[in-house]
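Each remark here refers to the structure printed beneath this line.
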Amino acid sequence: LVAPHLGKSHHLHQSSTQLLGNIGVSQLALEPRHHKRTTTSSALQSLSTAAANGANGDVSEMEDGLPVDNFQPRTMKVLESFAFFVRFSAQTILEKRALRRQGRSNRRRLRHRLKQLVFRRKYKHAVTDEDDTMAQPEEADENLGIRGSIRKLGESRKNLTRLVGYDSSLLVPAFSYLILGAFTSSIVPHFYSACISCVASGDPNRAKLIWAIGGLGLSHVAEALFTGFRGALFWIAGTRANYNVRVKLHRNLLMQEAAFFDSTETGFLLSRLNNDVNKIGMVISFHVNVVLRQLAQFFFGSVFLFRIQPKLGFVTYGGIGLVAIASWLYGDFTRTLAERVQELFAESSALAENSFAMSETVRAFNGVDSETKKYEASQYDALQLEEVQAWAYGTHKFVSDTLQTALKCLLLFCCWKLGRANAVPAAKLTSFLFYANYVNESSNEVGDQWAKVQAAIGASTNVFDLIRRVPAVRDPKTVTNTLLELSAAQDLINRAQEQSQKKDIIKMTDMSVTYGAMEKPALKNIDLDINEHDRVAIVGRSGSGKSSMLRTILRFYDPSTGQCNVEGVDLRDMSRKDIASKIVVVEQEPHLFPLSLIDNVLYGVEKDSIDEETGEECYSEKYRIAVTGALSLAGLPVTGEENDLGLELDTRVGEGGRTLSGGQRQRVAIARALVRNPTILLLDEPTAALDSKSEQVVVKALRSAMEKTRCMMMVTHRLGVVRSLGVNKVVVLEQGEIVEVGEPEKLLSSGGIYSQLAKEQGILPLSASLLQNNEPELTHI
Ligand SMILES: Nc1ncnc2c1ncn2[C@@H]1O[C@H](COP(=O)(O)OP(=O)(O)OP(=O)(O)O)[C@@H](O)[C@H]1O
């Protein structure tokens, strides 16, 4: 909310995404044992300082380093929080039981159905109305209790290994150090109990004592060394996991179809990319690391334990089993909770992102309070669940520690009994107690970390789902079979030859387009041919489907029926690269990247040279000359006297191109089109936001662009531009259907919808306007 005010402060260039990032970091940094606490405080400090500067414009109005605004988000009383935890837990248990019952009946149905399939003749009258309810094996699987959890863990491990792409050079030493560390640590109690026996019994044998102390020291040092290496390698594994998953997720999100972004908010995706992915790294570098180490220690400790006193070893295991059950249940509960908490954080990030992006509107309509209310509400939901996590942790700690204490007391009593009966020597019993404690501690730590692993798996579930998401609009499959490849290539050549004889560049055949969220199609049964050298204007009232037609040609959406061909090839058979090389669009309000002019014009073209001074990649002279020419043709020269703005190819244009005016941004977009020499030029309301002088410059630039293309298609409300751009074909749309097609002047005099639209803008047929110019009095009639 402070974003609009940032201009006044030193955070001039801080974008909403950065602010969102700071908030994300703060949430993460509050994680126990997380190493980013300093970032949190500086992030929060920078936000609060900016808030103070922005809201009051004066730092002196701050009290005790806090902004004057004494808004305080609501929180629950501690008792209320505990009551919420009890209610929530009871509800979750009931839900789980219900789902498990449903899962059982689903499995029964599944078995029944399998029987039907196998003994088809016997079960002639198959039950049909059960099929729908059976279609939820996935959901039922989620509630299979221990088996479900193990399967889920296995799936997550497979996902992780595939996505993270570790190599053995990292994994082999990491696991070797882990095992070596655990082994050396398991020797420690042996030497320790030997030392204590020597000290307690006042043993005069000095060599024995030195051996015990030396062994203790050496095993500790070796353990420290292995632990250090193991820690570093697992840390690296964690950061690599974050890096790999984040880059892959970012790429897969960018490949999704336009409809995906219609229904998913950016803040939601950013939250997945930052918060959720961090959890994955954390789980590998810390939790999995600790769980494995403790498991290894548990194993080695158990070997010693059973060697010393097998009977008591079983008693110890009985107790540990109970603690393990408690930890398992707690882990399961935490996983469900973590999944929900991450979901809520993602929703709340989406809200924050929206309010930052709309900061001017928020300011203009005094919306700070309502935005705060929405954000606070979504954070409050997450807070409630986090407090449930805290209470669950407390409860688990109490249960498992009590069980362990009971076990320790039981073991001490058993040892005392054995000692009294002289069944086992005292030194052996001391050693046993040390190992029992050692194994106990390891199992306790496994239980604690297990819950955290489960929580992280819960949090990362959505990330895996997004990474595996296959876009609905995607490149055609590459044909691998050589014969098929040959025939496909031949097919393309044939079509290209046919096409060169024909003249149509774009051909729409009985094409309809329906957006996912809409019932009514945006375009209905469109049949349209656009030929070589055609300059087409798509006109019609608002919502008639004009932009939808351009988006379909760009293959942002696939037709629901019919097809759209470009140069004889169905768009669905063309890759994104092919489409981008043939079709270029100039949008009404082009969004530029916060890069230099040349980077924006050549966006998507790989840099082909290295700057000798900085060592960074750059464009070669060949590209620089081409871009200078394109910018000059587009009416935004960067050289000579006409460059009154003092622009250079390397001038940066700010976020969204905000350092340029709307008309100048449009000219950059035209230069982007000019430099590519596309087959098809698409224009979306090219002059809508321009004054008449800028319009003249842009129209001139567009004419230059059109000369370089095979055809042009333009969506426009301003019909004056139809004449100035020399359009030869007008297509009139109404409610998604083509209602008129023809030459503009003919349509103007036909008395149809186009002439009506033109009349509303004071545009008359050429003959009439000539008449009007010669005989002004006629205008009154
Ligand atoms: N992304 C979308 N998701 C769902 N429906 C959409 C989407 N984009 C457009 N529509 C719907 O499709 C119809 C046609 O919209 P389109 O943007 O193509 O109209 P238009 O003629 O370009 O309108 P305008 O001149 O106001 O820009 C409208 O009813 C609109 O509500």
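Remember, it's a predicted structure, so these values are computed and weren't measured experimentally. Atoms within a ligand are numbered from 1 in the order they appear, just like the ligands themselves.
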Proximal atoms of ligand 1 relative to [X] (non-hydrogen, under 4.0 Å):
X: Y557; result: 1 (N)
X: D262; result: 1 (N), 2 (C), 3 (N)
X: R551; result: 8 (N), 9 (C), 17 (O)

Residue selection (non-hydrogen contact nearest [atom]) among [options]:
atom: atom 22 (O) of ligand 1; options: G736, S547, S263, G545; answer: S547
atom: atom 3 (N) of ligand 1; options: Y515, F261, F556; answer: Y515
atom: atom 16 (P) of ligand 1; options: G540, S542, S548, A258; answer: S548

Does a side chain donor of either N728 or E743 reach within less than 3.5 Å of an acceptor in the other side chain?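 No, no side-chain donor-acceptor pair sits under 3.5 Å.
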Testing the basics here: between [X] and [Y], what is the closest heavy-atom pair and its distance to 0.1 Å?
X: A537; Y: V727; result: N-CG1, 3.6 Å
X: R555; Y: I579; result: CB-CD1, 3.6 Å
X: G720; Y: I763; result: N-CD1, 3.3 Å
X: T679; Y: E567; result: CG2-OE2, 3.6 Å

Would you give the length of the straight line joining atom CE of M714 to atom CG of L702, rounded to the nearest 0.5 angstrom?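 Output value for this atom pair is 8.5 Å.
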Tell me which part of K520 gets within contact of ligand 1: side chain, backbone, both or neither, using heavy atoms under 4.0 Å.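 Answer for K520: neither.
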Please classify the H717 to ligand 1 contact at 4.0 Å (heavy-atom distances, strictly less than): side chain, backbone, both or neither.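 Only the side chain of H717 comes within reach of ligand 1.
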